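For reference, the structure discussed in these notes is given below.
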Amino acid sequence: DAGVTQSPTHLIKTRGQQVTLRCSPKSGHDTVSWYQQALGQGPQFIFQYYEEEERQRGNFPDRFSGHQFPNYSSELNVNALLLGDSALYLCASSPALDRGDPSENEQFFGPGTRLTVL
Amino acid sequence: AQSVTQLGSHVSVSEGALVLLRCNYSSSVPPYLFWYVQYPNQGLQLLLKYTSAATLVKGINGFEAEFKKSETSFHLTKPSAHMSDAAEYFCAVSLYGGATNKLIFGTGTLLAVQP
């Protein structure tokens with residue numbers, strides 16, 4: 001089992017550019033969540049995707065958008081990059097909440113994509 | 001609204017000493033609580049979780065945590081620190097029975113282990 005994979009590992013962009021980050025969930029998982037972890041901070045929830053739809057969104061502007069594909073993989077897109085978007089972007093996958101015991105619904109995290117905006 | 005507070009952004013212990021990392025939560029409904037560890041340049045690894053079963057939860061690598069509702073706490077402990085425990089630790093809360101299982105994290109505690 002490959003676990004949660006993310007690509008690329010590192011990325012450098014300039015202000016105003018657009019970026020796409022990719023995530024493949026753990027085998028058997030169909031829910032994908034994205035988190036932003038700024039330097040020295042805890043991860044912050046961006047949004048969660050299930051059945052190719054955004055199920056819940058955190059306090060992030062519309063410049064942050066996402067997509068989930070039929071194979072459950074997901075993309076995070078950020079438009080009009082700002083210096084403050086520099087962070088580690090983490091993807092987490094889990095089984096659907098309505099399946100199985102809720103207490104067993106654990107999120108598995110990928111290694112992250114380090115985005116630097118210059 | 002749910003939140004977690006981690007007291008102490010940096011904790012330093014000697015190898016072999018007790019590790020105590022503090023976490024207090026705020027939740028209007030019964031929470032799920034988690035401790036994650038993050039090694040440099042890596043993602044998050046789950047250490048242990050509380051999901052309303054036993055209040056004393058044992059995790060990986062010798063860590064354990066006790067859920068105390070009266071104190072709204074979920075402190076992480078390990079009897080004897082090892083050099084390999086040096087990492088950043090995050091406490092997180094999730095809403096039981098919510099529409100999603102999104103996690104709300106604390107700001108983290110960086111654990112240093114001195115030889």
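Protein chains get the first letters and strands the later ones, always in sequence-line order, with residue 1 at the start of each. The structure displayed is predicted, hence computed values, not measured ones.
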Ion pair A:R63/A:D85, N-O distance below 4.0 Å |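 Result for this pair is yes, salt bridge flagged.
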Where on A:Q37 is there a heavy atom nearer than 4.5 Å to chain B: the side chain, the backbone, both, or neither?
->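 The answer is the side chain of A:Q37.
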Answer with side chain, backbone, both or neither: which region of A:Y35 has an atom nearer than 4.5 Å to a non-hydrogen atom of chain B?
->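 The side chain, not the backbone.
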Are [X] and [Y] close enough that their ring centres sit under 6.0 Å apart?
X     : Y     : result
A:F45 : A:F47 : no
A:Y72 : A:H29 : no
B:F63 : B:Y89 : yes
B:F67 : B:Y50 : yes

Considering residues at least two apart in sequence or located in another chain, which fulfil the salt bridge (Lys or Arg N to Asp or Glu O under 4.0 Å) criterion with B:K58?
->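 By the salt bridge (Lys or Arg N to Asp or Glu O under 4.0 Å) rule, B:K58 matches B:E64.
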Only counting residues at least two apart or in another chain, list the ones meeting salt bridge (Lys or Arg N to Asp or Glu O under 4.0 Å) with A:E75.
->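 Residues passing salt bridge (Lys or Arg N to Asp or Glu O under 4.0 Å) with A:E75: A:R22.
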Among the options A:S33, A:P43, A:G40, A:G112, pick out the one with the most heavy-atom pairs lying under 4.5 Å from chain B.
->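 Greatest number of close heavy-atom pairs with chain B: A:P43.
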If you measure only the distance, is there a donor-acceptor pair under 3.5 Å linking the side chains of A:Q107 and A:S94?
->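 A:Q107 vs A:S94: no donor-acceptor pair found between side chains.
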Qualifying residues under side chain to side chain contact (heavy atoms under 4.5 Å, CB included), relative to A:E51, sequence neighbours excluded |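 Result, side chain to side chain contact (heavy atoms under 4.5 Å, CB included) vs A:E51: none returned.
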Going by residue number, which parts of residues 105-115 of chain B are within reach of chain A, meaning a heavy-atom gap below 4.5 Å?
->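 Residues of residues 105-115 of chain B touching chain A at under 4.5 Å: B:F105, B:G106, B:T107.
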Tell me, for B:L103 versus chain A, whether the close heavy atoms (under 4.5 Å) come from the side chain, the backbone, both or neither.
->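 Contact with chain A: backbone and side chain both.
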Side chain, backbone, both or neither: which part of B:Q38 has an atom under 4.5 Å from a heavy atom of chain A?
->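 Side chain only.
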Which of B:A92, B:S9, B:G43 touches chain A most, by non-hydrogen pairs under 4.5 Å =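 Top option by heavy-atom pairs under 4.5 Å: B:G43.
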